[in-house]
Student: 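What follows is a single structure, and I will ask about it in a moment.
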Amino acid sequence: MRKAATNVASRGEARRKAEPAAASASSAAASWPDRLHAVLRETGINQVAYVPDAGHARLIALARADRDMRAVALTSEEEGVALAVGACLGGDRCVLLTQSSGVGNCINMLGMVVECRVPLLMLVTMRGEWGEFNPWQLPMAQATESVLVAMGAIVHRTDEADDIVQTVSAAARLAFNTSRIVAVLISQRVIGTKEFKK
Amino acid sequence: VKAQKDPTLDRRAVAAEILKDRGDALVVTGLGAPTWDTAAAGDHALNFYTWGGMGGAAMIGLGLALAQPKRRVIVITGDGEMLMGLGSLATIGVQQSRNLALVVMDNEHYGETGMQETHTRHGVHLAGMAKAAGFPVTTTVYTRSELREWAPRIRNDEGPLFATIKVTTDEIPLVLPRRDGTALKHRFREALLGAEEAYR
């Protein structure tokens, strides 16, 4: 269990001092999920909410293995939105890892986050776009950005592996410095299109 | 549908009994009557009242309990609100937060929309669902003597704890706390974390 009521920003700073290699020097060689994990550590994220997802599998595994992070598996994504409200009330920082279809499950609960000015960083792996095979994925995927914007989220989109880490780093600063919802949509082009092999 | 006992407890008396010795507990309320009941028991900076986000109260409690493992976190919500977030029982069952207590004021009706019956009126047993999800301590309270036994346990037992408390649908006056969500968040964080951390 983590200590109660310690300062999240100074926790992040302490990590940077203690583990500079984990935070930055290893970036060049590491894969983007490993570098994202370092960004989340630097941001002082200590609650990682997720629904199991192929695109986020590596990042979820890293969060689960990280003793400074509590990985919280959800039955549905809106639970993670409410979790972020509780984390904020208690002085923690929460990230929500979701697939684009899971964004649809969050919409009403995002209203609470907007009303309460709770910072929320959402990392969204896209389905239902680049080379998609399954037509059932398309409606929510194609509406993801519009519905997030309609709920007051700031949306960044990233289509290349080299760009993901910088984008998430900027999104994290924006979310926690200004207490807003910031979602990063990570293209299916980067993650790879799911193959349906017979 | 199996026969079940009719609720007899007064919801305001229940909230007062649970919160009268609250100590340094952190309290989250579910929208509607549980928010009014908690306000009626005495406004407190460490009450976070929800007026929306239906289905989210238990998960707000979990996020808070994980962030503040040394503090008691008590969620007071209603049967309709809990029914909308049943998946969170499984999520909390997996997390096993010892400092978290969920209290459902179960009047078996949707009070805010005109007193339509909820599923708990028709045999759905919320404490049984919590038990099946892995809550080590669960109960359904019908009487004043059971309430007197369980109020201190709600404040102190190692959890996650789940208590359904059967309350009547008797009409009671509205007691409305502040409703600006950002103001409620700031008030809570300032009281818990101090102003410097709350507004950094």
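So that the names make sense, note that chain A is the first sequence line, chain B the second, and so on, each numbered from 1.
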Student: We want to know whether A:Arg35 and A:Ser31 form a side-chain donor-acceptor pair, criterion being a heavy-atom distance below 3.5 angstrom.
Tutor: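 No - no donor-acceptor pair under 3.5 Å links their side chains.
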
Student: Verify the distance criterion only: is there a donor paired with an acceptor across the side chains of A:Glu79 and A:Thr75 at less than 3.5 Å?
Tutor: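 Looking only at side-chain atoms, A:Thr75 and A:Glu79 do form a donor-acceptor pair, the distance falling under 3.5 Å.
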
Student: Tell me, side chain or backbone of A:Ala49 under 4.5 Å from chain B's heavy atoms, or both, or neither?
Tutor: neither

Student: Under 3.5 Å, is there a donor on one side chain and an acceptor on the other for B:Arg22 and B:Asn47?
Tutor: yes

Student: So that I can tick it off, tell me whether B:Arg72 and B:Asp24 are bridged by a salt bridge, with the cut-off set at under 4.0 angstrom between side-chain N and carboxylate O.
Tutor: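 No, no charged N to carboxylate O under 4.0 Å.
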
Student: Identify which part of A:Glu78 has an atom lying under 4.5 Å from any heavy atom of chain B, answering side chain, backbone, both or neither.
Tutor: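 Contact with chain B is absent: no heavy atom of A:Glu78 under 4.5 Å.
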
Student: Hydrogens and angles aside, do B:Ser97 and B:Gln95 bring a side-chain donor and acceptor to less than 3.5 Å of each other?
Tutor: no

Student: CD of B:Glu117: more than 12 outside heavy atoms within 6.0 angstrom?
Tutor: yes

Student: B:Tyr199 and B:Glu190: side-chain donor and acceptor closer than 3.5 Å?
Tutor: yes

Student: For B:Leu184, which atoms come within 4.5 Å of any heavy atom of chain A: side chain, backbone, both, or neither?
Tutor: neither

Student: Looking just at side-chain N and O atoms, do B:Asp106 and B:Thr120 make a donor-acceptor pair shorter than 3.5 Å?
Tutor: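 B:Thr120 and B:Asp106 do have a side-chain donor-acceptor pair below 3.5 Å.
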
Student: Salt-bridge test for B:Arg121 and B:Asp6: reply yes if a basic N is under 4.0 Å from a carboxylate O, no otherwise.
Tutor: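 Between B:Asp6 and B:Arg121 there is a salt bridge, with a charged N closer than 4.0 Å to a carboxylate O.
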
Student: Would B:Arg187 and B:Asp43 count as a salt bridge (charged side-chain N to carboxylate O under 4.0 Å, His left out) if you check the C-alpha gap in whole Å, the side-chain angles of each, and the deciding distance to 0.1 Å?
Tutor: CA-CA 12 Å; B:Arg187 182 176 79 148; B:Asp43 189 29; 2.9 Å; yes

Student: In Å and rounded to the nearest 0.5 Å, what is the CG to CG distance from B:Asp79 to B:Leu126?
Tutor: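 Between B:Asp79 CG and B:Leu126 CG, I get 7.0 Å after rounding to 0.5 Å.
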
Student: With a strict 4.5 Å heavy-atom criterion, list every residue of residues 110-142 of chain A that contacts chain B, or say none.
Tutor: A:Met112, A:Glu115, A:Cys116, A:Arg117, A:Val118

Student: Does anything in residues 81-89 of chain A get under 4.5 Å of chain B by heavy atoms, and if so which residues?
Tutor: A:Ala82, A:Leu83, A:Val85, A:Gly86, A:Ala87, A:Cys88, A:Leu89

